[in-house]
Amino acid sequence: MDNQRIAIYVRVSTDMQGDESIENQIERCKQYLQFKGFNSDTAEVISDIASGADDGRKGLSQLMEKINNKEIDVLIVTELSRLSRKIKTLINIIETVKSNDVVIIAVIQNIDTATPMGKAMILMTGLFAELERDNLKQRVKNTLDTKARNGNHTGGVAPYGYDLINKELVPNPKKSEIVKKLFNDFILGVSLSDLSRNYDIRLTTVRRILASPTYIGTKVYGTRIVNNDGKVVYADPENIKYIPNAHLPIIDEEAFYTVQKMLNESVDKWHLRSKNKQKEYLLYGLIKCYNGHNMYGAETTNHYRYYRCGLHGKLVDQKFCPKKNILAAEIEKDVINDILNFDISKVDIEKGKKLKEIELKKYSDDLGIEQEKLKKITDLYVNDQLEKDDYLERKAVIDKKIKLLESKIIILNKNITEEENQRKSINSLKLVIEKLKTKPSFEKMQKYLHTIINKVQFINDFEYEIYFNI
Ligand SMILES: [Zn+2]
C-alpha cells in the first residue's frame, strides 16, 4: 500500500477551544494509517483553522480540488465533523469523494469505506443524528471554554486554599498554609485518612487537593461538562484543559510531582478496595491498555459504563496514559464473540505429539542398539578376543552416543508431558466455550471468562489480542 496517495485533513476551530489540536489530529491519523499498513510518511497534510460550519475554507477547497483531479486515493480525518459540521455540506463532500473512488477513513468513528461495513455505516442516518448531538455538546462546551479563556473562574467557588478576588485566584494566607502542610505531611508518609482527620477535611477533598495542578499555578478547567440532558457530569480527562502560570502557586513543582507519583502508586491499592464494585464488570482485571496498565470498570453519573486505564488522566512523570476509555458493552460483546468464533481445531497439538512420540521411539531403539553393541564388545574383551586399547576406544565412542541419546530422550519426554497438560487445558477451553454458548447467567459467564482468559491486551487504540490460559 506504499503507492497510495493519502491526504490527512485536519481542522481546528478559530477559537481553538474544545478541539483536539492539529498536531494531535495528525498524529492520530498517522497512527491509524500505520496500523492499517499504509505508509504514513508520504501522506499530505491539509489543514484549516476555521469553524466547521464555514464552507469557504481554503484547505477544504484545495482538498476537494485534488479529489476532483483524482490526485488522492485515501482521505483520512479523525472524525467526519472535521470535514464539516453542516450535514448538507458533509453529504456533498462524501458524494464527491465516493464518485472519485476515494476511500474515506474516520478514525474515531471507526469508519473505513474500503470495507463494506464502512460503506454501510456512512449511509446510516443515525450517524448524522449523532453529529448533530455533537454540535450541541460542542456549543455548550465552547461557552464554558470561552469564559475560562477570558480569565474568569468558571467553577464559581475558589478551590480550597484560594480566594476569588476580582475573578482572580489569590492564595488565602491561612488556608494556603494548610494546603502546604497537606503536601508536606503526605510526602512524609502520613496517610490520606490521617490527613483528613488531622485537618478536619473530607477524605475525597484531601485527595482532590493533592492531585490538583491548581496548586502549582495551573488553571484547570473543563473537568465537568454539561451533557445532552443538561446534567453536569465529569468530562473525559483528555478534554480537560490546563493553562500554566495562570495564578500564584502554593506548592512548588518538585513537591507536587513527588506527590503525584505517590498517589499513582496507590492507584492499584485503591482499586483493590473497590473490588466489589469491579465484580459488576464482566471482564474486570483482564483488560490491559497498550502500555500494559490494568484497565478498570467505571461508570459516569449517567450510567455510561466503560473500562479505563488505571493511569488514564493521572499525571505520571508529568504525562498521561493516553489510552482511551472503552465502552464496556462493546468490548464485552466483542470478546465473547471472539471466543465463540475461536477456531479451536486450529490449535492442533495432537499432531505435534504424535511426531514427537515417533521420534522418541526411534531414539529408544537407537539407544537399545548402542547398549547391545557395548555388551558385545565387553563380552569380546572379557573373552580375550579384543585388545584393551581397541576395546576402550570403541567403548568411548559408544558411551558418547548413549549419553547423547539419553539426553535427547529426557528432553522429548518433558515436551510430551507439557503437551499433555496443554491438551488438558485446551479440552477445558472447549468445554467452557460450549458452556458460553448456552447463554449462562452474568456470574457464571464472568466465571467462565476468567477461567479461560489470561488477559485482553490492547495493542493500539483500535485492536486487542486475547491471551488464553493454555
Ligand atoms: Zn495505560
Side-chain angles (χ1 to χ4, degrees), residues 1-67 69 71-85 89-90 93-94 96-97 100 102-114 118 122 131 134 138 141-142 145 222 236-243 289-291 309 312-313 318-325 458-463:
M1 289 202 255
D2 279 356
N3 48 2
Q4 298 262 30
R5 295 160 305 170
I6 305 165
I8 298 174
Y9 179 75
V10 293
R11 176 180 63 77
V12 287
S13 314
T14 28
D15 62 0
M16 303 259 254
Q17 298 298 323
D19 270 345
E20 202 175 2
S21 71
I22 291 235
E23 291 73 26
N24 273 356
Q25 289 179 45
I26 296 172
E27 181 59 27
R28 209 184 255 224
C29 290
K30 286 198 167 174
Q31 272 179 6
Y32 191 89
L33 287 169
Q34 281 158 16
F35 164 57
K36 287 285 179 184
F38 290 103
N39 181 2
S40 65
D41 297 336
T42 55
E44 182 185 0
V45 176
I46 299 174
S47 64
D48 269 316
I49 298 174
S51 131
D54 177 4
D55 294 343
R57 281 176 273 152
K58 220 172 131 195
L60 187 68
S61 317
Q62 193 195 342
L63 174 73
M64 296 321 287
E65 203 182 309
K66 279 180 183 277
I67 287 172
N69 292 339
E71 289 168 25
I72 288 170
D73 302 310
V74 179
L75 166 63
I76 179 164
V77 289
T78 56
E79 48 195 323
L80 290 177
S81 58
R82 294 291 130 208
L83 290 167
S84 180
R85 290 201 173 279
T89 314
L90 183 58
I93 294 173
I94 288 171
T96 310
V97 165
N100 285 293
V102 174
V103 167
I104 302 187
I105 299 173
V107 177
I108 295 172
Q109 282 141 332
N110 220 348
I111 291 170
D112 182 345
T113 56
I122 214 157
L131 270 171
D134 276 355
Q138 200 64 37
K141 199 158 74 190
N142 276 343
D145 284 350
D236 190 320
E238 275 159 279
N239 295 332
I240 296 173
K241 292 192 167 55
Y242 300 90
I243 302 176
C289 84
Y290 47 64
N291 287 321
C309 170
H312 183 83
Q318 312 196 23
K319 273 189 198 154
F320 295 106
C321 179
K323 178 71 189 98
K324 304 212 168 303
N325 296 340
F458 269 83
I459 46 180
N460 51 44
D461 252 349
F462 323 98
E463 265 195 341

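Residues take their numbers from the sequence shown, with the count starting at 1.
- Taken to the nearest 0.5 Å, the OG1 atom of Thr42 stands 9.0 Å off from the CG atom of Leu33.
- Distance CD1/Ile46 to CD/Glu65: 10.0 Å, rounded to 0.5 Å.
- Distance alone, capped at 3.5 Å, places no donor-acceptor pair between the Asn100 side chain and the Val102 backbone.
- Taking 4.5 Å as the limit, some side-chain heavy atom of Val103 sits within range of a side-chain heavy atom of Ile105.
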Check your understanding: Between Ile72 and Ile6, is a side-chain contact (heavy atoms from CB on, under 4.5 Å) present by the stated rule, with each step listed?
Key -> CA-CA 6 Å; Ile72 288 170; Ile6 305 165; over 6 Å; no
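- Tyr9 pairs by the ring pair (Phe, Tyr, Trp, His ring centres under 6.0 Å) definition with nothing, not counting sequence neighbours.
- Between the side chain of Asp73 and the backbone N or O of Gln4, no donor-acceptor pair lies under 3.5 Å.
- Lys66 is linked by a salt bridge (Lys or Arg N to Asp or Glu O under 4.0 Å) to Glu44, Glu71, counting only residues two or more places apart in sequence or in another chain.
- Residues Ile93 and Leu63 fail the side-chain proximity criterion, which asks for heavy atoms closer than 4.5 Å.
- In plain terms, the two heavy atoms of Cys29 and Ile76 that are nearest each other are O-CD1, 3.6 Å.
- Under the 4.5 Å side-chain criterion, counting only non-hydrogen atoms from C-beta, Glu463 is not in contact with Phe458.
- In this structure a side-chain-to-backbone donor-acceptor pair under 3.5 Å is missing from Asp48 to Val10.
- A 4.5 Å side-chain heavy-atom check between Met64 and Thr96 finds at least one atom pair inside the cut-off.
- For the pair Leu83 and Leu75, the tightest heavy-atom approach, listed with the atom from each and the gap, is CD2-CD2, 4.2 Å.
- Between the side chain of Arg82 and the main chain of Arg11, a donor-acceptor pair closer than 3.5 Å is present.
- Ser84 contributes no side-chain N or O that, together with a main-chain N or O of Ser81, makes up a donor-acceptor pair within less than 3.5 Å.
- Between Glu27 and Lys30 no salt bridge is recorded (no basic side-chain N to carboxylate O distance below 4.0 Å).
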